[in-house]
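The structure under discussion appears below in the form of structure tokens.
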Amino acid sequence: MSFWEYANPKRFMALSSAALPWLTGLTALVLGVGLIWGFFFTPDDFRQGSTVKIIYIHVPSAFIAINAWLMMLVTSLVWLIRRHHVSVLAARAAAPIGLAMTAIGLITGAVWGQPMWGTWWEWDPRLTSFLILGLFYLGYIALWEAIDDADTAADLTSVLCIVGSVFAVLSRYAILFWNQGLHQGASLSLDKEENVHDVFAYPLWTCIIGFVLLFITLVLLRTRTEIRARRVQALIARERMA
Amino acid sequence: MIALLIRDLRLAIRTGGGFGLGLAFFLIIAVLVPFGVGPDSAILGRIAPGILWVGALLSCLLSLDRIFALDFEDGSLDLLATAPIPLEGLVGVKAISHWLTTGLPLTLAAPVLGLLLSLPEDAYPWLIASLLIGTPALSFIGAFGASLTVGIKRGGLLLSLLVLPLYVPTLIFGAETIRRGAEGLATTTPLIMLGAITLGTLAVLPFAAAAAIRVNLR
């Protein structure tokens, strides 16, 4: 049995309805452990005090915000190449989540930046690229909403997603050229020495895994909603024809 | 294709509207800014590169929805799509004619407006160069945006929402070129990057736009 079997909406619905309760539980567990561990059982940073704990929401949401677009890019390509409706509906379902994660990343960043950098907002490369990523999400969602015909909307948004990806990367480097910023480098990476200390890193990794699970759960949930909405539309159309 | 270009140019000039409107809009932006920030020429000179680029970008945006919308409404886009030229070529011609009627006049008008905004003298060659190299990218990106929204009634606002984030790299490198020129720094890097963006959009976006038009004509 190939992976593409699940592009059949019926199979997808069956699998996702079986998986959702488990995924929801696992998300709650991992995210709960990660956040409680992070908030209550890690020491305060000696310079940042307890504001350092914003990292447990800030980093995972930023991680999801970027990777949600990546996921949308992949599913859009799958739609354009193999014409699987579930794929493009998953992209549609992921966009508002990505936008929400971008907003969470920016807001938690602002809340942290106020006491630490002394400013809510700074035209720093990372912050600016995130703002622009948010604009891309907005445009993508707006295009979906504006077009009535489902297949036309799917095609056009997929094209926009691909072109948008190229320009998002381009903007990232253009902005780096424009202003060297205030934001620190990567907090977590597999090959570097100057990562955050292990005391903070383990709960942070737990939170990231929790956010990924949360993202998968939400995307499945929203994709199921989209499929049902599509079915209702089809039924209404059939009624009208009859 | 040349016949098509000439037809588009004639239409743009004779029907009025888009052609002069962008220029007038550019002029008004440049005139309004000093009222907003005050007549201090030191401040104006500092922000002039950015104002001129943002102004050019917005004036460009103003006429974008006309690239395909008129032809789509009266059905000539269908005819052009079935004509023996590739749709990608059609998009290219449309973008070029848009550039000739907006980007080029804007470039020519910009030095005068630079005078109004007391742009430093050293910056003028870079102002013209960066607009000349950068505005074609605006037209090509805009043609892509217009091809996405051509089937939507009153898609103008959506078009701006889609296109403005795509304009960010062009704007950054364009304004940076003038700023560096004004300060007497080396301008090669941003100018080269600007040229790279223009050439890249010119090479790739007609294909994306043609794909979108095919979907819209389905």
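Not measured: the values here are computed from a predicted model. Residue numbers begin at 1 in each chain, while the letters A, B, ... track the order of the sequences.
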For B:Leu108, is the CG atom crowded, meaning more than 12 foreign heavy atoms sit under 6.0 Å from it?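 Correct, the count exceeds 12.
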Count the heavy atoms belonging to other residues, nucleotides or ligands that lie under 6.0 Å from CZ of B:Phe207, then report whether that count exceeds 12.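 Count not over threshold, so no.
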Of the backbone (N, CA, C, O) and the side chain (C-beta and beyond), which part of [X] lies under 4.5 Å from a heavy atom of chain A, both, or neither?
X: B:Ile172; answer: side chain
X: B:Val168; answer: side chain
X: B:Leu171; answer: neither
X: B:Ile141; answer: side chain

Just give me the residue among B:Pro169, B:Gly200, B:Ala209 that pairs up with chain A most often, heavy atom to heavy atom, under 4.5 Å. B:Pro169
Quick check on the interface: out of B:Ala211, B:Gly151, B:Pro190, who has the most heavy-atom pairs with chain A under 4.5 Å? B:Pro190
Closest approach of B:Leu161 to A:Ala142 (non-hydrogen atoms, all atoms of both residues): CD2-CB, 3.6 Å
Which heavy-atom pair separates A:Ala146 from B:Leu158 by the least distance, and what is that distance?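 For A:Ala146 and B:Leu158, the tightest heavy-atom pair comes out as CB-CD2, 3.6 Å.
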Atom pair CG/CG of B:Leu148 and A:Leu160 - distance to nearest 0.5 Å: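 One gets 5.5 Å once the value is rounded to the nearest 0.5 Å.
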Among A:Val163, A:Leu133, A:Leu131, the residue with the most heavy-atom pairs under 4.5 Å to chain B is A:Val163
If we define contacts as heavy-atom pairs under 4.5 Å, which of A:Leu80, A:Ile132, A:Leu135, A:Leu143 has the most with chain B?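 When all of A:Leu80, A:Ile132, A:Leu135, A:Leu143 are compared, A:Leu143 has the most.
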Enumerate, including both backbone and side-chain atoms, all donor-acceptor pairs under 3.5 Å from chain B to chain A.
residue: B:Arg218; atom: NH1; partner: A:Asp155; partner atom: OD2; Å: 2.9
residue: B:Arg218; atom: NH2; partner: A:Asp155; partner atom: OD2; Å: 3.0

Check side chain to side chain donor-acceptor pair (under 3.5 Å) between B:Trp99 and all other residues, then give those that pass, not counting sequence neighbours. B:Thr135
